[in-house]
Protein chains: 2
Amino acid sequence: MASTTKAKSATAEEIAEQLSDAVHEHRLKPGAKLREDEVSDVFGVSRTVVRQALRAMAFEGLLTIEKNRGAFVSKPTLKEAHEVFQARALLEPSTARAAAERTTPDDIALLERHIAEEHDALDRGQPGRALKLSGDFHLEIARIADQQTIEQFLKQLISRSSLVIALYWRQRSALCESNAHHALVDALRNHDGATAEELMKGHLLDIYSQLDLREHDEGSTSLKEALRRS
Amino acid sequence: MASTTKAKSATAEEIAEQLSDAVHEHRLKPGAKLREDEVSDVFGVSRTVVRQALRAMAFEGLLTIEKNRGAFVSKPTLKEAHEVFQARALLEPSTARAAAERTTPDDIALLERHIAEEHDALDRGQPGRALKLSGDFHLEIARIADQQTIEQFLKQLISRSSLVIALYWRQRSALCESNAHHALVDALRNHDGATAEELMKGHLLDIYSQLDLREHDEGSTSLKEALRRS
DNA sequence: TTGGTCCGGATTGTATACAATTACTGCCGC
DNA sequence: GCGGCAGTAATTGTATACAATCCGGACCAA
């Protein structure tokens, strides 16, 4: 599963982060199962630590743990997909406004480096990594706003957004959001809170509108799962 | 700690819920330590299950787990206190508006029963229980709005609010919020989203303004802890 | 073939044993 | 009395052993 069989002896946080990255970059796709002793082999720790990591990820919404069955990468429903972006629409614009009033030159430099990395990843044909960086960009804004609580929620929402994108993204349109991020940085640099708020609102709507939200059959697995839950 | 030494063999979720109730009702106060084998004795399960419960509570912000030291009921800082109510101000008014459009007569009956219980608890001299019910009232509104994601966040925010209130509530003013809740129910019954939103906004500001947010020394323990972190 | 049942293997859930770390007490020197 | 130091008890962190549950295939009967 992972690129290289990694080093031994890791903490639960490190395991969770590496697995989270894999999910964010769509190397682990929704529905994939994570067996405990498989993960424990890869990371060279006991199942005890692995279970900590998996449960932590479940709490963030990345995994869904079914009792006696195991941990699976979550498959957000259409309803959950809507809810995620509704919640983001409530939290992020105000946060962007607050961030604009506190942005320092260092922050600007960091954000611009971030965008550059994002472009770089796209050029190298690593869309998964670009997507993860794009999510981190949004997180960075919450950090600048110095709102740890909201940042924490946003982390979960962005994680779930990544799953939503994996499931419902329209293939035809490439991710053209880099421009939106650049405009946001401009607003932040100018301490223009109102514009930052509006840009963020529009940016979220833009992503939202690029999702395919129609009801559709989910392939063979959904039938089995539907029966299981009967 | 608990009222009666409870029955044996409970699940992690049950343990977390009972402990959470104790925190919400201020029977477990911020700073209190929860030892693993003590809890495991009370509930008649092994430490393994207890640790699951404690970690789950830590994710919700109720507990803070310090490595090799144990789990303590969280003591939100002033900054965190502000952040909690800022986040609630972003989430709850819109949610109340959404709820107003979906409220059913059954929901109204439920909410009114809820308020009655709240008054009852106050009359019986159980302010802790009244506070918990008050928090559940807010959660109920998110449920009516059919926003599970926001409901989940709100659960955490209300938990933390309970801790904030335990630490920063001005003793002099009794909790007079019951009227606010009643007015909200009226707005919901009339499907008056705009009014519900405004009432919720005002209600949150009301609670917020009743907190004592000045900087102040935190007593003897903070010194020891400050030294520990040096 | 279809349907059902039973059994074996695989996987997760729980308890326990052990290691690592911390806190505490008592003692000593000053 | 005060501050440092050591040894021990107490507590948490991790690994492992065992129990419970689930999945899948074999087998049999209709």
Side-chain angles (χ1 to χ4, degrees), chain A residues 1 6-19 28 31-59 62-75 220-230, chain B residues 1 6-19 28 31-59 62-75 220-230:
Chain A
M1 63 166 58
K6 203 54 191 306
K8 293 174 65 175
S9 170
T11 71
E13 288 76 20
E14 289 167 348
I15 294 172
E17 181 156 341
Q18 291 202 33
L19 291 178
L28 283 171
K33 177 171 183 177
L34 283 79
R35 263 176 302 156
E36 294 176 355
D37 42 5
E38 182 177 357
V39 179
S40 67
D41 282 350
V42 172
F43 289 93
V45 294
S46 80
R47 280 177 53 217
T48 310
V49 182
V50 172
R51 284 172 70 86
Q52 281 182 37
L54 295 184
R55 286 190 171 270
M57 291 174 70
F59 210 86
L62 257 69
L63 301 184
T64 303
I65 292 179
E66 299 181 25
K67 178 161 182 172
N68 282 321
R69 297 220 337 117
F72 304 84
V73 179
S74 297
K75 294 168 65 172
S220 55
T221 56
S222 64
L223 174 62
K224 282 177 67 177
E225 288 183 358
L227 293 179
R228 194 189 317 282
R229 294 163 204 237
S230 67
Chain B
M1 65 169 61
K6 203 53 190 306
K8 294 173 66 175
S9 169
T11 71
E13 288 76 19
E14 290 168 346
I15 295 172
E17 180 156 343
Q18 292 202 31
L19 291 178
L28 283 171
K33 177 171 182 177
L34 283 79
R35 263 177 303 153
E36 294 177 354
D37 42 5
E38 181 176 357
V39 178
S40 66
D41 282 349
V42 171
F43 288 95
V45 293
S46 81
R47 279 177 52 216
T48 309
V49 183
V50 172
R51 284 172 71 87
Q52 281 182 38
L54 296 183
R55 287 191 170 268
M57 291 174 71
F59 273 115
L62 256 70
L63 301 184
T64 302
I65 293 179
E66 299 181 27
K67 179 161 181 171
N68 281 321
R69 297 218 339 116
F72 304 84
V73 179
S74 296
K75 294 168 63 172
S220 56
T221 56
S222 63
L223 174 61
K224 282 177 68 177
E225 289 181 359
L227 293 179
R228 192 185 321 281
R229 294 165 204 235
S230 68

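Keep in mind that the numbers below use all heavy atoms, side chains included, and drop hydrogens, waters and symmetry copies. Quick note on labels: first sequence line is chain A, next is B, and so on, each numbered from 1.
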query: Which salt bridge (Lys or Arg N to Asp or Glu O under 4.0 Å) pairs, counting each pair once, include a residue from residues 44-55 of chain B, with sequence neighbours left out?
result: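 For residues 44-55 of chain B, and leaving out neighbouring residues, the salt bridge (Lys or Arg N to Asp or Glu O under 4.0 Å) pairs sorted by first residue read B:E36-B:R47, B:E36-B:R51.
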For [X] and [N], give me the distance from atom [atom1] to atom [atom2], rounded to whole Å.
| X | N | atom1 | atom2 | value |
| --- | --- | --- | --- | --- |
| A:E14 | D:dG13 | CD | C1' | 15 Å |
| A:F72 | D:dC22 | CZ | C1' | 11 Å |
| B:L54 | D:dT11 | CG | C1' | 13 Å |

Looking at residues at least two apart in the chain, or sitting in another chain, which of them share a side-chain contact (heavy atoms from CB on, under 4.5 Å) with [X]?
| X | value |
| --- | --- |
| B:E14 | B:A10, B:T11 |
| B:T48 | B:S46 |
| B:A56 | none |

Shorter than 3.5 Å, N or O on both sides, protein versus nucleotides 14-16 of chain C: list them out with atom names.
unit_1	atom_1	unit_2	atom_2	d
C:dA15	OP2	B:S46	N	3.0
C:dA15	OP2	B:S46	OG	2.8
C:dA15	N7	B:T48	OG1	2.7

task: Output the distance between atom CD (A:Q52) and atom CD (B:Q52), rounded to the nearest 0.5 Å.
output: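 Those atoms lie 10.0 Å apart.
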message: What's the separation between atom CG in B:L62 and atom CG in B:L19, rounded to the nearest 0.5 Å?
response: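 Here the rounded value is 9.5 Å.
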message: For B:T64, give me all partners under side chain to side chain donor-acceptor pair (under 3.5 Å), at least two apart in sequence or on another chain.
response: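 With neighbours one apart ignored, the set is B:S74.
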Distances for protein N or O near nucleotides 9-11 of chain C N or O, under 3.5 Å:
unit_1	atom_1	unit_2	atom_2	d
C:dT11	OP1	A:R35	NH1	2.7

message: Test of understanding: with ring-ring contact (aromatic ring centres under 6.0 Å, His included), list the residues that count as partners of A:F59, not counting sequence neighbours.
response: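 With sequence neighbours excluded, A:F59 shows a ring-ring contact (aromatic ring centres under 6.0 Å, His included) to B:F59, given in chain and number order.
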